[in-house]
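Have a look at this one.
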Amino acid sequence: MSLALDARQRAMLEEMGVRVFAPQADLLQAVATAPLEGGQAGGTVDLRAAEASAAPAVISRFPVAPAVAERTAPLAATGQRVPGIAQMDWEPLRQAVAGCQACKLCSSRHNTVFGVGDLQADWLVVGEAPGENEDLQGEPFVGQAGKLLDNMLGAMRISRREGVYIANVLKCRPPGNRNPEPDEIAQCEPFLRRQVELLRPKIILAVGRFAVQALLQSSEPIGRLRGRVHRYNDVPVVVTYHPAYLLRNLPDKAKAWADLCLAQSVLREQA
């Protein structure tokens, strides 16, 4: 899939607030093909250097972060999770999420938010937790943040109905949109893990701090994790900022676009 921008993609980028100039093509080429630092295995792609040089080069691999260790035991919770998640197909898994009472979030939710999208998708977008609108509608990433995400995906010529699947780490809304708690993430993680196993995506885009922490088991800030490729269940993971954050911090939209380009480049390497 080409990264060349047509008129429709440029319009979507303008909607995101990312200004597109003629040299942008050089930057995208540099991001996709920047040489590894030092030319050795385990090196990293320096996005800032790519922006400065925009020099074409050939790249044979991407920077790889250490593999995520398997969680050996769940944290304490207020209830029991349904057994057999690892063997469930899509519909039993959806029903298990809908009836889940493994943590205290079940008492305050209106709807569970299982996920939405193409079950044959190459892309998987993983967010943090449902907000108020998601809780009411039962679908992830709706409202203004959802519109921005749709524009970001549209710029890559995919949508939540074709080419991408969208899910959250948590399937229930934390009251008042508070931060997810460790036991809540631990109880929901097997559902997400099974979704990944069933979907078998070629790239995961982790958006937002808690999505990144849950997938990578890392407490590092997103700014330090950007620009390199991580792994979850042996699937490449690229991290970026949450659309809600981007709505409050407009200059970082350009960084999110660079992250999307990196993810697209990783995907193209697998073709």
Side-chain angles (χ1 to χ4, degrees), residues 16 85 88 90-91 93-100 102-103 105-106 108-156 158-181 184-185 187-201 203-215 222 232-233 235 237-248 256 259-260 263:
M16 288 172 56
I85 293 175
M88 290 180 181
W90 281 110
E91 190 53 35
L93 186 65
R94 183 184 295 274
Q95 293 175 8
V97 168
C100 182
C103 76
L105 295 182
C106 66
S108 59
R109 72 186 180 213
H110 288 90
N111 292 290
T112 56
V113 182
F114 181 75
V116 66
D118 184 353
L119 297 184
Q120 304 297 321
D122 289 338
W123 288 73
L124 171 61
V125 176
V126 177
E128 299 176 332
E132 181 179 10
N133 291 326
E134 289 82 3
D135 179 47
L136 294 174
Q137 299 184 37
E139 182 170 333
F141 285 97
V142 297
Q144 292 303 310
K147 290 179 181 178
L148 177 56
L149 177 63
D150 287 342
N151 288 337
M152 293 166 65
L153 298 175
M156 309 306 290
I158 55 177
S159 74
R160 66 175 63 210
R161 303 302 176 188
E162 183 177 358
V164 66
Y165 192 86
I166 305 173
N168 283 319
V169 171
L170 291 191
K171 310 304 184 187
C172 299
R173 179 198 179 196
N177 292 345
R178 63 161 171 76
N179 291 338
E181 296 179 356
E184 297 162 354
I185 294 175
Q187 289 291 2
C188 259
E189 195 271 345
F191 292 125
L192 177 62
R193 179 176 292 272
R194 185 56 180 160
Q195 285 178 303
V196 173
E197 292 170 348
L198 291 171
L199 187 64
R200 299 176 64 184
I203 186 71
I204 296 175
L205 184 70
V207 297
R209 176 163 61 100
F210 290 100
V212 171
Q213 289 178 353
L215 291 176
I222 290 178
Y232 175 82
N233 266 21
V235 180
V237 178
V238 171
V239 308
T240 193
Y241 299 107
H242 195 283
Y245 167 87
L246 295 175
L247 290 173
R248 302 189 302 269
D259 297 333
L260 286 173

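Everything quoted here is computed from the prediction, not taken from an experiment.
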Quick check against the 3.5 Å criterion: does Thr112 have a side-chain atom that pairs as donor or acceptor with the backbone of Phe114? no
Evaluate the side-chain proximity of Met152 to Met156: yes if any heavy-atom separation is below 4.5 Å, no if none is. no
Shortest non-hydrogen contact from Pro180 to Ala129? CG-CB, 4.3 Å
Provide the closest heavy-atom pair for Val169 versus Phe210 in the form atom of the first, atom of the second, distance. CG2-O, 4.5 Å
Determine, step by step, whether Glu189 and Arg193 satisfy the salt bridge (charged side-chain N to carboxylate O under 4.0 Å, His left out) criterion, reporting the C-alpha distance in whole Å, the side-chain angles of both residues, the deciding distance to 0.1 Å, and the verdict. CA-CA 6 Å; Glu189 195 271 345; Arg193 179 176 292 272; 3.1 Å; yes
Min side-chain heavy-atom separation Ile185-Gln213 under 4.5 Å: no
To the nearest 0.5 angstrom, please state how far the CG atom of Leu136 sits from the CZ atom of Arg109. 14.0 Å
How far apart are the closest heavy atoms of Ala102 and Gln187, and which atoms are they? CB-OE1, 3.7 Å
Do Asp135 and Cys172 come within less than 4.5 Å of each other through their side chains, counting heavy atoms only? no
Apply the test side-chain contact (heavy atoms from CB on, under 4.5 Å) to residues Asn179 and Arg209: give CA-CA distance (whole Å), side-chain angles for both, the deciding distance (0.1 Å), then the verdict. CA-CA 10 Å; Asn179 291 338; Arg209 176 163 61 100; 3.9 Å; yes
Got a donor-acceptor contact below 3.5 angstrom from the Glu128 side chain to the Leu170 backbone? no
Considering only heavy atoms from C-beta outward, does the side chain of Leu192 approach that of Asn168 to under 4.5 Å? no
Using every non-hydrogen atom in the two residues, find where Pro130 and Pro174 come nearest and quote the distance to one decimal. O-CD, 3.8 Å
Search all heavy atoms of Val237 against all heavy atoms of Ala206 and return the closest pair with its distance. CG1-CB, 4.1 Å
Minimum heavy-atom separation for Val116 and Arg161, please, with both atom names. CG2-NH1, 3.1 Å
Angle class for the Tyr165/Trp90 ring planes (parallel below 30°, perpendicular above 60°, tilted otherwise)? tilted
Give me the one residue out of His110, Gln137, Arg173 that meets side-chain contact (heavy atoms from CB on, under 4.5 Å) with Glu132. Arg173
For residues Ile204 and Val238, determine if any side-chain heavy atom of one lies less than 4.5 Å from a side-chain heavy atom of the other. no
Using only atom types and a distance under 3.5 Å, with no angle test, would you say the side chain of Asn133 pairs donor to acceptor with the backbone of Gly143? no
Kindly check if the number of other-residue, nucleotide or ligand heavy atoms within 6.0 Å of CD (Gln120) is above 12? no
Could you check whether any side-chain heavy atom of Leu93 comes within less than 4.5 Å of a side-chain heavy atom of Ile85, counting everything from C-beta outward? yes
Heavy atoms of other groups near Glu162 CD, more than 12 under 6.0 Å: no
So CG of Leu260 and CG of Leu205: to nearest 0.5 Å the spacing works out to 6.0 Å
Can you check whether Met88's main-chain N or O pairs, donor with acceptor, with Arg194's side chain at less than 3.5 Å? yes
Check Val113, Leu149, Val207 against Ile166 for a side-chain contact (heavy atoms from CB on, under 4.5 Å) and give me the one that passes. Leu149
Counting C-beta onward and ignoring hydrogens, is there a side-chain heavy-atom pair between Asp118 and Trp123 closer than 4.5 Å? no
Using side-chain contact (heavy atoms from CB on, under 4.5 Å), reason through Leu246 and Leu148 one step at a time and then give a plain yes or no. CA-CA 9 Å; Leu246 295 175; Leu148 177 56; 3.8 Å; yes
Are Val164 and Leu124 packed together at the side-chain level, in the sense that at least one heavy-atom pair is separated by less than 4.5 angstrom? no
Run Asp150 and Arg160 through salt bridge (charged side-chain N to carboxylate O under 4.0 Å, His left out) and show every step you take. CA-CA 7 Å; Asp150 287 342; Arg160 66 175 63 210; 3.0 Å; yes
Less than 4.0 angstrom from a charged side-chain N to a carboxylate O is my criterion; do Glu184 and Lys171 meet it? no
